[in-house]
Chemist: 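Shown below is the structure under consideration.
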Amino acid sequence: MTDEHHHRPHPAAPDTGPRLAPLPEDGWDPSTRELLARIPRDADGHLANVFTTLARHPGLFRHFLPFGSHLLRDGRLPDRTRELLILRTACHTRAAYEWGRHVPLARAAGVTDEEIRRIGAGPDDRGWTPADALLLRAADELHRDARLSADTWSALAAHHDEAQLIEITMLVGQYHMVAFFLNSAGTPLEPDFESETLPAPTGAGADAAEGADGDA
């Protein structure tokens with residue numbers, strides 16, 4: 001039996017907890033422990049729930065981790081650019097876990113608290129610089145249309161090289177994929193990251209998202 005079959009889901013009753021619970025450390029087999037050993041722990045000494053839940057599919061996680069880590073740690077986009085795109089994507093997908101974990105990263109990248117509060121208002125809010133509004137618009141178009149418009153592509157190309165243009169689209173797609181997993185699995189946000197409330201997205205690129213907040 002491969003390590004992909006070691007961990008069988010134990011579905012919870014509706015609304016009583018995550019559909020897939022994070023795998024507790026005393027349940028890690030040697031291959032899972034080796035896989036998770038490379039991931040930095042939170043200040044409380046625990047690993048983030050996203051990782052210990054994905055570890056229930058170790059074969060997939062083993063291939064996913066280098067890609068996600070490259071986008072987050074070694075990508076070509078400035079940290080601020082990356083976090084603005086991720087937070088707007090978290091708004092669109094109603095991914096409270098994604099939002100909660102990335103607000104501190106956005107602050108560390110220079111996004112102010114006032115800007116974080118305005119992420120939900122989208123690119124048409126008057127407080128954004130043209131460059132920041134363009135990034136939020138790109139996230140909106142990719143979410144809504146699965147492509148960048150010609151005007152947005154051209155505007156981005158004036159300030160980003162080819163690799164960065166590729167990365168913008170891949171980054172937004174990556175965090176949509178992660179949000180699909182987090183929302184569907186019901187991955188619980190760690191208490192230390194619960195202080196920020198996920199705003200509802202507004203603006204021309206926003207979709208209605210009724211009833212979705214409780215699922216993340």
Chemist: Please answer: with hydrophobic residues joined when any side-chain heavy atoms are less than 4.5 Å apart, are L23 and L60 in the same cluster?
Modeler: yes
Chemist: Tell me every residue that passes side-chain contact (heavy atoms from CB on, under 4.5 Å) with D42, counting only those two or more places apart in sequence or in another chain.
Modeler: D44, A48, R101, E190, F193
Chemist: For residues T93 and A179, report the shortest heavy-atom separation together with the two atoms involved.
Modeler: OG1-CB, 3.3 Å
Chemist: Identify the two heavy atoms, one from P18 and one from P188, that lie closest to each other, and give their separation to 0.1 Å.
Modeler: CB-CD, 4.0 Å
Chemist: So P22 and R56, do their side chains get closer than 4.5 Å, heavy atoms only?
Modeler: no
Chemist: Heavy atoms only: give me the nearest V103-I116 pair and the separation to one decimal.
Modeler: CG1-CD1, 4.0 Å
Chemist: For R33, I'd like to know if atom CZ has over 12 heavy atoms of other residues, nucleotides or ligands within 6.0 Å.
Modeler: yes
Chemist: For F181 and T187, run side chain to side chain contact (heavy atoms under 4.5 Å, CB included): C-alpha distance rounded to whole Å, both residues' side-chain angles, the deciding distance at 0.1 Å, then the answer.
Modeler: CA-CA 8 Å; F181 156 69; T187 304; 4.2 Å; yes
Chemist: Which atoms form the tightest heavy-atom contact between L20 and T53, and what is the distance?
Modeler: O-CG2, 3.7 Å
Chemist: Ignoring hydrogens, what is the shortest heavy-atom contact between A96 and L198? Give both atom names and the distance.
Modeler: N-CD2, 3.8 Å
Chemist: Could you give the side-chain donor-acceptor pairs of residues 158-166 under 3.5 Å, partners two or more places apart or in another chain?
Modeler:
| from | atom 1 | to | atom 2 | distance (Å) |
| --- | --- | --- | --- | --- |
| H160 | ND1 | L156 | O | 3.0 |
| D161 | OD1 | A163 | N | 3.2 |
| D161 | OD1 | Q164 | N | 2.8 |
| D161 | OD2 | R76 | NH2 | 2.7 |
| Q164 | OE1 | D161 | N | 3.1 |
| Q164 | NE2 | R76 | O | 2.9 |

Chemist: What are the two closest heavy atoms between E83 and A109, and how far apart are they?
Modeler: CG-CB, 4.4 Å
Chemist: Does H102 have its ring centroid less than 6.0 Å away from the ring centroid of Y175?
Modeler: yes
Chemist: Ion pair present between R82 and D79, side-chain N to carboxylate O less than 4.0 angstrom?
Modeler: yes
Chemist: Count the heavy atoms of every other residue, nucleotide or ligand shown that sit under 6.0 Å from CE of M170, and state whether that count exceeds 12.
Modeler: no
Chemist: Any chance you could measure D151, atom CG, to R137, atom CZ, to the nearest 0.5 Å?
Modeler: 10.0 Å
Chemist: Rounded to the nearest 0.5 Å, what separates atom OG1 in T169 from atom CD in E141?
Modeler: 12.5 Å
Chemist: Output, in order, the C-alpha distance, side-chain angles, deciding distance and verdict of side chain to side chain contact (heavy atoms under 4.5 Å, CB included) for H143 and H176.
Modeler: CA-CA 8 Å; H143 174 74; H176 273 80; 2.9 Å; yes
Chemist: Would you call H92 and D140 a side-chain contact if the rule is heavy atoms closer than 4.5 Å?
Modeler: yes
Chemist: Measure from the side-chain N and O atoms of E196 to the backbone N and O of G100, and report whether any donor-acceptor pair falls under 3.5 Å.
Modeler: no
Chemist: Evaluate the criterion side chain to side chain contact (heavy atoms under 4.5 Å, CB included) for residue pair C91 and I119; output intermediate values, then yes/no.
Modeler: CA-CA 8 Å; C91 285; I119 292 282; 3.8 Å; yes
Chemist: For D124, does its backbone N or O pair with a side-chain atom of W128 as donor and acceptor, under 3.5 Å?
Modeler: no
Chemist: What about F64 and F180, same hydrophobic cluster or not, with Ile/Leu/Val/Met/Phe/Trp/Tyr joined at side-chain heavy-atom distances under 4.5 Å?
Modeler: no
Chemist: Between atom CD1 of I86 and atom CG of L135, what is the distance when rounded to the nearest 0.5 Å?
Modeler: 12.0 Å
Chemist: Roughly how far, to the nearest 0.5 Å, is the CD1 atom of I168 from the CG atom of L142?
Modeler: 9.0 Å
Chemist: Return the set of residues passing side-chain contact (heavy atoms from CB on, under 4.5 Å) with I39 (not counting sequence neighbours), or none when no residue passes.
Modeler: L36, L47, F51, F61, L65
Chemist: Please determine whether side chain to side chain contact (heavy atoms under 4.5 Å, CB included) holds for the pair L85 and L77, giving the CA-CA distance in whole Å, both sets of side-chain angles, and the decisive distance to 0.1 Å.
Modeler: CA-CA 10 Å; L85 291 166; L77 297 174; 4.3 Å; yes
Chemist: Using the test salt bridge (Lys or Arg N to Asp or Glu O under 4.0 Å), find all partners of R118 that sit at least two apart in sequence or belong to another chain.
Modeler: E114, D125
Chemist: Mind checking the CD-CG spacing from E98 to L189? Nearest 0.5 Å is all I need.
Modeler: 11.5 Å
Chemist: Does any donor atom in the side chain of D29 or S31 lie under 3.5 Å from an acceptor atom in the other side chain?
Modeler: yes
Chemist: Salt bridge (Lys or Arg N to Asp or Glu O under 4.0 Å) with R41: which residues, sequence neighbours excluded?
Modeler: E25
Chemist: If the condition is salt bridge (Lys or Arg N to Asp or Glu O under 4.0 Å), which residues does E115 pass it with, not counting sequence neighbours?
Modeler: R80
